[in-house]
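Below is one structure; the comments refer to it alone.
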Number of protein chains: 2
Amino acid sequence: MKPMSQQTEQAYLASYNIKDYDVCLTSVDSVLFTVIHGELYTLLVRRANHPFLGVWGLPGGFIDVQLDEDLSACANRHLAEKTGVTPPYLEQVASVGNKTRDPRGWSTTVTYYALMAHAHCTTDIDSVDDVQWLPLQQTLNMELAFDHKQMIEQALARLQQKALYSLVPVYALPETFTLSELQQLHEVILGKSIQSKSFRRRIELADVLEETGELSQHKGKGKPAALYRVKEGAADYRFMRNLEN
Amino acid sequence: MKPMSQQTEQAYLASYNIKDYDVCLTSVDSVLFTVIHGELYTLLVRRANHPFLGVWGLPGGFIDVQLDEDLSACANRHLAEKTGVTPPYLEQVASVGNKTRDPRGWSTTVTYYALMAHAHCTTDIDSVDDVQWLPLQQTLNMELAFDHKQMIEQALARLQQKALYSLVPVYALPETFTLSELQQLHEVILGKSIQSKSFRRRIELADVLEETGELSQHKGKGKPAALYRVKEGAADYRFMRNLEN
DNA sequence: CATTAAAGAGTCCTAGAGACATTTAATAAA
DNA sequence: TTTATTAAATGTCTCTAGGACTCTTTAATG
């Protein structure tokens with residue numbers, strides 16, 4: 001074989017075979033968040049294969065070089081397999097790759113986090129026993145496959161940042177929701193309370209929500225709340241100031 | 001071969017061979033920024049191999065499963081090969097992976113950006129002709145290998161965000177520098193001018209720089225500027241408010 | 001009809017950025 | 001020696017938007 005630099009590109013590509021090289025494993029894993037009864041939940045999957053057979057871990061897996069067009073498509077494919085739907089918000093968090101995270105060898109995983117309304121997929125999940133919504137705090141105290149716990153923590157940290165300067169968390173709510181529900185969600189994500197006046201002020205300024213005109217189905221005392229839905233561009237809106245840390 | 005779920009994990013791992021699977025290419029590429037005469041430069045490398053033989057691209061390459069401990073080590077290895085030093089700041093930007101970006105097949109690359117003082121490596125680079133510092137604006141108008149131009153744009157966008165709410169850009173300066181130099185650098189990154197009073201106020205509040213006691217070697221008119229160096233933790237400091245966009 | 005609870009608006013305070021003027025310390029020209 | 005010039009560094013006022021707290025509105029409940 002001639003040195004590469006003297007081959008034509010065509011000849012090089014024709015003779016190129018990835019299996020001549022020591023390559024590493026590459027996978028995509030997602031942390032899917034939702035809110036159920038005012039608490040954050042993540043979707044976990046019980047592993048059906050070695051390694052970590054039977055252990056709970058994140059939905060995800062290897063890239064299928066036939067099926068997957070790109071990384072986000074790979075994330076969505078694995079999520080749709082487990083939930084039956086494609087979540088309305090998906091964002092790449094980071095990639096982790098090293099020698100030791102997978103016993104099979106050098107492995108890289110690209111982590112995404114996704115948000116969706118719980119109602120959208122509840123029926124698909126209740127019928128199987130290897131996919132489960134678990135409260136975030138509980139997942140952080142379980143033993144999880146690989147380094148998936150760190151990945152959840154990383155995704156949560158990212159979501160917390162977003163909750164300070166954006167309305168991205170809104171994608172964890174159903175299509176229509178009240179401002180109080182949205183504020184509660186931010187509070188749960190941040191683990192602290194927020195001044196509701198401040199919260200409403202900045203939402204009004206941002207102009208990324210619109211009133212549906214409907215009122216919430218109030219099942220208690222108190223004034224019924226107005227229902228809102230997100231406008232286009234809510235995911236991209238960024239406040240100039242963070243909420244206080 | 002028995003179904004995996006009935007094997008022991010040991011047996012599974014013993015029989016596992018990555019070459020039985022269709023895997024994808026995985027590489028790490030870095031956008032190394034520095035500032036020369038008040039302008040942003042990036043380090044480019046002329047490719048010695050197919051594909052894109054002879055075309056300029058980012059320093060980086062495949063993960064070496066023997067040499068590299070993890071992704072950042074891989075980034076640093078490739079950067080050190082080209083510059084002779086390990087840059088003082090390295091941050092992961094994002095990963096891009098799809099079917100089409102590499103003619104050899106499904107390929108994923110993890111992008112980092114790095115900052116360093118130009119002075120630290122200038123001698124190593126001037127002696128070779130396949131590694132070069134180029135003005136950022138020029139690199140954005142060149143044809144580059146793969147999707148490296150988009151990766152530079154992504155890295156720049158990240159650096160611009162950092163310039164709005166952190167002092168990370170300081171790592172592109174030499175060990176000691178003046179506040180005016182730092183402000184100029186932020187202005188070049190953001191492509192707009194900054195109120196120097198605002199800039200200095202927030203730096204004082206942040207408390208991440210310390211005066212060296214020295215004065216800059218003023219070679220013109222004007223009051224000589226005090227020299228500063230970064231304290232520990234400068235990379236992590238985050239202002240509550242962004243500079244105006 | 002009074003009570004209660006939640007939604008949501010009003011108001012003042014404050015931190016910190018923007019704008020712009022002023023002072024300081026050096027060099028160069030008169 | 002004095003005076004202009006230039007860049008660094010500071011003073012100070014304004015303005016924006018979040019924090020804290022109060023007050024009002026609205027509907028369910030007894």
Side-chain angles (χ1 to χ4, degrees), chain A residues 37-38 161-167 173 176-187 190 192-228 237-245, chain B residues 37-38 161-167 173 176-188 190 192-229 237-245:
Chain A
H37 301 132
Q161 283 305 308
K162 291 277 174 183
L164 289 175
Y165 64 74
S166 83
L167 290 177
L173 293 176
T176 67
F177 51 88
T178 70
L179 293 183
S180 297
E181 285 165 352
L182 181 55
Q183 182 181 338
Q184 251 184 63
L185 171 55
H186 279 250
E187 289 175 335
L190 295 171
K192 69 176 195 65
S193 61
I194 298 171
Q195 291 284 335
S196 65
K197 182 62 180 178
S198 305
F199 191 71
R200 284 158 187 266
R201 242 189 322 227
R202 55 194 345 235
I203 284 178
E204 188 167 25
L205 190 72
D207 192 36
V208 290
L209 301 187
E210 57 186 7
E211 283 194 77
T212 65
E214 312 276 303
L215 295 180
S216 69
Q217 300 316 319
H218 44 290
K219 46 201 167 274
K221 296 184 186 178
K223 182 174 175 177
L227 285 173
Y228 289 79
Y237 189 83
R238 181 180 174 121
F239 296 101
M240 271 302 97
R241 296 198 204 176
N242 279 11
L243 287 174
E244 199 176 63
N245 241 336
Chain B
H37 301 132
Q161 284 305 307
K162 291 278 174 180
L164 289 174
Y165 63 74
S166 82
L167 291 176
L173 293 175
T176 67
F177 51 87
T178 70
L179 293 184
S180 297
E181 285 165 351
L182 181 54
Q183 181 181 338
Q184 249 185 63
L185 171 55
H186 279 249
E187 290 175 334
V188 166
L190 295 172
K192 66 176 196 69
S193 61
I194 297 170
Q195 290 284 335
S196 65
K197 181 63 181 180
S198 306
F199 191 72
R200 283 155 189 266
R201 241 189 325 231
R202 50 188 357 228
I203 284 178
E204 187 167 27
L205 189 72
D207 193 34
V208 290
L209 302 187
E210 59 186 8
E211 282 193 75
T212 65
E214 311 278 302
L215 295 180
S216 69
Q217 299 318 317
H218 44 291
K219 45 203 167 272
K221 296 183 185 180
K223 183 173 175 177
L227 284 173
Y228 289 80
R229 73 168 68 86
Y237 188 84
R238 183 181 173 119
F239 296 101
M240 271 302 97
R241 296 199 204 174
N242 280 10
L243 288 173
E244 199 178 64
N245 243 334

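Chain naming here is simple, since letters A, B, ... match the order of the sequence lines and numbering starts at 1 in each. FYI, side chains are in, hydrogens and waters are out, and symmetry mates aren't considered; it's all heavy atoms of this structure.
Between A:F199 and A:L182, the closest side-chain pair of non-hydrogen atoms falls below 4.5 Å. Counting heavy atoms from C-beta on, the side chains of A:R201 and A:K197 come closer than 4.5 Å.
The distance from atom CZ of B:F199 to atom P of C:dG16 is 17 Å, rounded to the nearest whole Å. Whole-Å rounding puts the B:I203 CD1 to C:dG16 P distance at 15 Å. At whole-Å resolution of the value, CD in B:E181 and C1' in D:dA7 are 12 Å apart.
Here B:S180 does not reach the OP1 or OP2 of D:dA7: none of its side-chain N or O atoms lies under 4.0 Å away. Taking only side-chain nitrogens and oxygens, B:Q195 comes nearer than 4.0 Å to OP1 or OP2 of C:dA19. Under 4.0 angstrom from either OP1 or OP2 of D:dG18 there lies at least one side-chain N or O belonging to A:R202.
Checking D:dG19, D:dT25, D:dA9 against every side-chain atom of B:K223, the shortest atom distance belongs to D:dA9. In this structure, the nucleotide among C:dA9, C:dT4, C:dA17 sitting nearest to the side chain of A:K197 is C:dA9. When each of D:dA9, D:dT26, C:dA17 is scored by its nearest atom to the side-chain atoms of A:P224, the top-ranked nucleotide is D:dT26. Closest to the side chain of A:L243, from the set D:dG19, D:dT16, D:dA7, is D:dG19. Distances from the side chain of B:L215 to the nucleotides C:dG8, C:dA26, D:dG19 place C:dA26 closest. The listed nucleotides are C:dC12, C:dA5, C:dG18; the one nearest the side chain of A:R201 is C:dC12.
Between A:G222 and A:R200, it is A:G222 whose nearest contact on DNA chain C lies nearer the 5' terminus.
Here A:Q184 contributes atom CD and A:S180 contributes atom OG; the two are 7.5 Å apart, rounded to the nearest 0.5 Å.
Taking every heavy atom of both residues into account, A:T178 and A:S216 meet most closely at CG2-CB, 3.7 Å. Residues B:L164 and B:R202 approach most closely at O-NH1, 3.4 Å, considering heavy atoms.
Looking at A:R241, its side chain has no donor and acceptor atom pair within 3.5 Å of the base of D:dG19.
Between its two ends, the helix from C:dC1-D:dG30 to C:dA30-D:dT1 turns its axis by 20°, counting five pairs per end and rounding to 10 degrees.
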